[in-house]
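Here the structure comes first, spelled out in structure tokens, and everything after it is commentary.
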Amino acid sequence: MFCATILTVTRRGGDTMLNNLKLRIKKDLEELLGKQFNAELSIIVEEPKKAELGDLSIPVFSVVKQLRKPLPQIVEIVKETLNQIPDSGYFAKIDSVSGFINITLNRAMFAKLVVEDFNESEDYGTSDIGAGKTVCIDYSSPNIAKPFSIGHLRSTIIGHSLGNILEKCGYKVVRINHLGDFGTPFAKTIYAYLHWGNEEVVKQNSVEELVKLYVEFNEKAKQDKSLDEEARKIFSELEQGNEIYVKLWEYIREESLKDYMKVYDLLGVRFDSYNGEAFYNDKMQRIVDELKEKKLLVKDQGAMIVDLGDDIPPALIQKSDGSTLYITRDLAALFYRKNNYHFDEMLYVVGNEQKLHFTQLKRVIEKMGYDFAEDIHHINFGLVLQDGKKMSTRKGKIVKLEDVLDEASGMSLDYINEKNPGLEDKEQIAESIGVSAVVFNDLKNYRTNDFEFNLEEMVNFTGQTGPYLQYTSVRIQSILDSADSNETTLNYDLFEGEHYFEILKNISQYVDTIIKTKQEYAPSILAKYLLKLASLFNSFYAKERVLVEDEIERNTKLHLLKMTKDILNDGMRLLGMQVILKM
RNA sequence: GACCCGGUAGCUCAGCAGGAUAGAGCUGCGGCUUCCUAAGCCGUCGGUCGGGGGUUCGAAUCCCUUCCGGGUCGCCA
């Protein structure tokens with residue numbers, strides 16, 4: 001009877017069953033107790049810290065306070081009331097310990113619900129919170145003519161992963177690589193190429209050579225201040241459509257993109273649009289005009305600015321020489337996206353250091369009188385550190401992401417040669433492990449924090465790492481491969497066992513975890529969840545033999561394993577990791 | 001100087017819409033393989049939750065203050 005209700009609610013709300021149960025208990029208790037005492041009460045239903053205490057827990061201190069009755073009396077009243085609610089059929093036991101009422105569920109009954117829900121669901125973990133909504137994500141967005149460094153890693157994988165997670169929640173996702181293919185730095189490269197560049201050499205090794213030229217420019221500019229002036233002039237002319245510069249621009253952009261695609265292929269990252277800053281070159285005047293019309297633009301020290309109030313600095317829209325700035329192009333991009341993709345949310349996966357820029361961007365939109373400022377989210381993230389310092393260079397050289405990925409793959413291969421030398425497709429698998437290790441190492445850390453990039457730790461591939469997840473999945477796969485798959489009935493009583501139930505409970509929380517991950521735009525939430533699930537399985541594996549004689553027991557275990565593996569694989573996919581079958 | 005972010009075990013990090021004895025991984029130490037992949041599992045050592053006040057029955061979590069580290073603050077992106 002209740003199964004039906006719960007399953008319906010699950011489909012509709014996208015919550016896990018355990019969470020649903022919590023919410024219902026909360027609501028029912030508040031209603032019944034409220035009626036009884038004519039008071040508005042807020043009941044907390046949580047999970048006890050220690051599993052031995054029970055499956056659900058209700059601290060009653062606040063009730064004691066509000067109703068001004070002795071604690072033991074309140075405990076009795078709440079217990080009594082708990083027995084009256086419709087869900088009480090799920091309770092196997094209700095205890096109380098020093099102000100906490102602990103409920104132990106009828107685990108077999110609960111397990112049946114979870115298993116049935118899993119079986120009936122086509123893609124477990126999906127929800128409809130994003131149905132009919134579109135989200136644009138601006139991520140990766142490297143600056144052209146520079147190597148794809150470790151610094152671009154975070155934006156790329158956080159953005160990619162969030163895209164996957166949003167799709168899982170039913171959103172339509174538009175992935176945008178807002179290439180930094182414009183601006184003064186770019187003009188510097190053009191100047192250097194024209195003056196000191198060698199066409200043949202650049203053709204051979206384009207990006208590397210272009211970077212050399214850019215560096216050379218900056219070194220010479222230190223001596224000769226007029227060079228910066230020259231670059232600004234070139235940029236201004238490029239903006240006006242100077243043919244030579246435009247042609248050069250196209251060439252450099254093409255070559256750089258080719259280089260980046262190698263990394264994107266390695267990571268499995270794809271975009272719907274590669275429209276970079278330059279794309280908006282002819283779309284900015286409209287913005288400037290509109291700002292003028294709305295009397296928001298003022299001249300200040302020769303530049304055109306929008307005043308944003310006392311708490312933040314004004315936004316610089318136009319330089320003294322009339323050329324545009326970063327925010328001008330971002331405004332143009334924003335309106336273009338709003339008009340073409342009709343987004344419900346616009347996410348910018350960009351580092352912490354640009355916080356002010358996005359605050360200004362939102363404020364300008366508000367000042368212009370648009371209501372979608374609140375749909376703009378800066379998905380900020382911290383630095384990648386090495387030995388506590390920003391990891392952009394190593395021995396003075398920029399750390400290329402490709403090199404890091406190669407290094408990780410190489411280490412994986414060493415490990416395979418040591419552990420499983422006979423493995424087929426070793427190189428391919430080593431690459432999957434290495435790349436995924438780097439990806440996971442990033443995503444397991446909470447976004448906004450800086451994190452330590454520790455190659456040493458990745459050499460070990462042990463503990464809270466990508467390979468740990470892959471290994472767990474592979475282990476399960478291996479068992480499933482060697483088992484006959486004609487499933488019969490399951491013995492739900494087995495789920496009374498702690499190590500069974502813990503896994504099952506986690507499985508039931510998958511949807512919730514994904515939704516929370518979306519709400520906080522924090523893939524680390526999903527990453528930590530997967531580690532927990534993998535860890536629970538590995539403990540189970542050490543304790544229980546799966547392929548036992550008893551058919552029903554065997555099938556029950558196999559089914560638990562299959563659910564676990566499906567979630568691990570799906571979760572890894574959402575994070576942008578690669579799922580492998582053997583290692 | 002102003003604003004923002006961080007400070008939890010030797011190291012890397014969870015926990016922070018207040019709740020039970022503060023958790024993981026790594027490292028160290030000690031165990032586990034006649035049996036489904038030991039990249040695993042189990043045990044153990046290790047903490048004034050930066051310091052000091054306050055609110056509360058109860059604070060790592062909320063408020064104030066202070067110290068330390070990082071970021072940002074008009075013609076870069």
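Order of the sequence lines sets the chain letters (A, B, ...), proteins ahead of strands, with each chain counted from 1. All values below were derived from every heavy atom in this structure, side-chain atoms included, with hydrogens, water molecules and symmetry-related copies excluded.
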Options B:G74, B:A77, B:A20, nucleotide nearest the side-chain atoms of A:Leu316: B:G74
Taking 4.0 Å as the cut-off, does a side-chain nitrogen or oxygen of A:Ser535 come that near to OP1 or OP2 on B:G25? no
Please give the nucleotide sitting opposite B:U44 as a Watson-Crick or G-U wobble pair, both distances under 3.5 Å, or none. B:G28
For the pair made of NZ in A:Lys355 and P in B:C4, what is the distance, rounded to whole Å? 9 Å
For a quick test of reading the model: is some side-chain N or O of A:Lys319 closer than 4.0 Å to OP1 or OP2 of B:C76? yes
For A:Phe235 and B:C75, what is the distance between atoms CZ and P respectively, to the nearest whole Å? 15 Å
When all nucleic acid strands are considered with a 4.0 Å heavy-atom cut-off, which category describes A:Gln318: base, sugar-phosphate, or nothing? nothing
Whole-Å distance separating the NZ atom of A:Lys26 from the C1' atom of B:A17: 11 Å
Any donor-acceptor pair under 3.5 Å linking the side-chain atoms of A:Asn281 with those of A:Arg329? no
Figure out the CD/C1' separation between A:Glu520 and B:G15, and round it to whole Å. 13 Å
Syn or anti for B:G50, with syn set at within 90° of 0? anti
Please give the distance between the P atoms of B:C13 and B:G1 as a whole number of Å. 28 Å
Interatomic distance where CZ belongs to A:Phe451 and C1' belongs to B:C5 [whole Å]: 17 Å
Atom C1', compared across B:G46 and B:U12: separation rounded to whole Å: 15 Å
Stacking here means centres under 5.5 Å and planes under 30°; does A:Phe100 stack on B:G19? no
Using a 4.0 Å heavy-atom cut-off, does A:Leu325 contact any base of the nucleic acid, only the sugar-phosphate backbone, or nothing at all? sugar-phosphate
Hey, is NZ on A:Lys220 packed in by over 12 heavy atoms from elsewhere, all under 6.0 Å? yes
OP1 or OP2 of B:A20 versus the side-chain N and O atoms of A:Lys49: is any pair under 4.0 Å? yes
Atom CD of A:Gln301 and atom C1' of B:G74: how far apart are they, to the nearest Å? 7 Å
Polar atoms only, N or O, under 3.5 Å: list the protein pairs with nucleotides 36-39 of chain B and their distances.
residue: B:C36; atom: O2; partner: A:Leu547; partner atom: N; Å: 3.2
residue: B:C36; atom: N3; partner: A:Val546; partner atom: N; Å: 3.0
residue: B:C36; atom: N4; partner: A:Tyr541; partner atom: O; Å: 3.2
residue: B:C36; atom: N4; partner: A:Glu544; partner atom: O; Å: 2.5
residue: B:U37; atom: OP1; partner: A:Ser478; partner atom: OG; Å: 2.2
residue: B:U37; atom: OP2; partner: A:Ser478; partner atom: OG; Å: 3.4
residue: B:U37; atom: O2'; partner: A:Tyr471; partner atom: OH; Å: 2.4
residue: B:U37; atom: O2'; partner: A:Arg475; partner atom: NE; Å: 3.3
residue: B:U37; atom: N3; partner: A:Met583; partner atom: O; Å: 3.0
residue: B:U37; atom: O4; partner: A:Met583; partner atom: N; Å: 3.1
residue: B:A38; atom: OP2; partner: A:Arg475; partner atom: NE; Å: 3.4
residue: B:A38; atom: OP2; partner: A:Arg475; partner atom: NH2; Å: 2.3
residue: B:A39; atom: OP2; partner: A:Lys419; partner atom: NZ; Å: 2.4

Have a look at A:Asp228 and say if it touches a base, only the backbone sugar-phosphate, or nothing, with a 4.0 Å heavy-atom cut-off. nothing
Among the nucleotides B:G40, B:G19, B:C57, whichever has the atom closest to the side chain of A:Asn538 is B:G40
So what's B:A60 paired with, Watson-Crick or G-U wobble, going by both distances under 3.5 Å? none
So does A:Asp414 pair up with A:Lys419, basic N to acidic O under 4.0 Å? no
Based on the glycosidic angle (syn within 90° of 0, else anti), state the conformation of B:U37. anti
Would you mind telling me which residue lines up with the more 5' stretch of RNA chain B, A:Pro48 or A:Asp300, judged by nearest nucleotide? A:Pro48
Quick check on B:A14: is either OP1 or OP2 less than 4.0 Å from any side-chain nitrogen or oxygen of A:Asn449? yes
In whole Å, measure the gap between the C1' atoms of B:U56 and B:G69 for me. 32 Å
At under 4.0 Å between heavy atoms, what does A:Pro313 touch on the DNA or RNA strands: base, sugar-phosphate, or nothing? sugar-phosphate
Taking the side chain of A:Asp450 as heavy atoms from C-beta outward, which of B:G70, B:G74, B:G19 is closest to it? B:G70
Report the base-pairing partner of B:C49 (Watson-Crick or G-U wobble, both distances below 3.5 angstrom), or none. none
Ignoring hydrogens and geometry beyond distance, is a side-chain donor-acceptor pair present between A:Glu520 and A:Tyr446 at under 3.5 Å? no
When we call it a touch if two heavy atoms are under 4.0 Å apart, what does A:Asp321 touch: a base, just sugar-phosphate, or nothing? nothing
May I have the step-by-step check of side-chain hydrogen bond (donor to acceptor under 3.5 Å, both in side chains) for A:Glu239 and A:Thr324, ending in yes or no? CA-CA 9 Å; A:Glu239 220 173 4; A:Thr324 59; 2.7 Å; yes
Residue of the set A:Ile43, A:Ile44, A:Leu67, A:Ile101 for which side chain to side chain contact (heavy atoms under 4.5 Å, CB included) holds with A:Val60: A:Ile101
Using salt bridge (charged side-chain N to carboxylate O under 4.0 Å, His left out) as the criterion, list what pairs up with A:Glu544, not counting sequence neighbours. A:Lys557
Indicate the ring-plane relationship of A:Phe358 and A:Tyr348, choosing parallel, tilted or perpendicular according to the 30° and 60° boundaries. tilted
Could I get the full list of salt bridge (charged side-chain N to carboxylate O under 4.0 Å, His left out) partners for A:Asp95, not counting sequence neighbours? A:Lys93
Could you identify the nucleotide paired to B:C73, looking across every strand shown and requiring Watson-Crick or G-U wobble geometry with both distances under 3.5 Å? B:G1
Report yes if a donor N or O on one partner sits less than 3.5 Å from an acceptor N or O on the other, where the partners are the side chain of A:Ser524 and the base of B:A14; otherwise report no. no
Taking atom types as they are modelled, is there a donor-acceptor pair under 3.5 Å from the base of B:C75 to the side chain of A:Ser320? yes
Nearest to side-chain heavy atoms of A:Pro59, which nucleotide of B:C73, B:C13, B:G19: B:G19
Quick one, A:Thr465 and A:Asn441 - any side-chain contact, counting heavy atoms below 4.5 Å? no
Is the aromatic ring of A:Phe61 within stacking range of B:G19, meaning centres under 5.5 angstrom and planes under 30 degrees? yes
When the distance from CG of A:Asn143 to C1' of B:C76 is rounded to whole Å, what number comes out? 10 Å
C1' atoms of B:C16 and B:G6, separation to the nearest Å: 14 Å
If the P atom of B:C3 is compared with that of B:G58, how far apart are they to the nearest Å? 32 Å
Taking CD1 from A:Ile525 and P from B:A17, how many angstroms apart are they, rounded to a whole number? 11 Å
What distance, rounded to whole Å, do you find between the two C1' atoms, one in B:C41 and one in B:C36? 15 Å
Separation between CE of A:Met563 and CG of A:Leu568, rounded to the nearest 0.5 Å: 12.0 Å
When rounded to the nearest Å, what value does the distance between C1' atoms of B:C4 and B:C42 take? 45 Å
RNA chain B: 5'-proximal contact among A:Ile101 and A:Ala315 (nearest heavy atom): A:Ile101
Say we look at B:C45 and B:A39: how far apart would their P atoms be, to the nearest angstrom? 27 Å
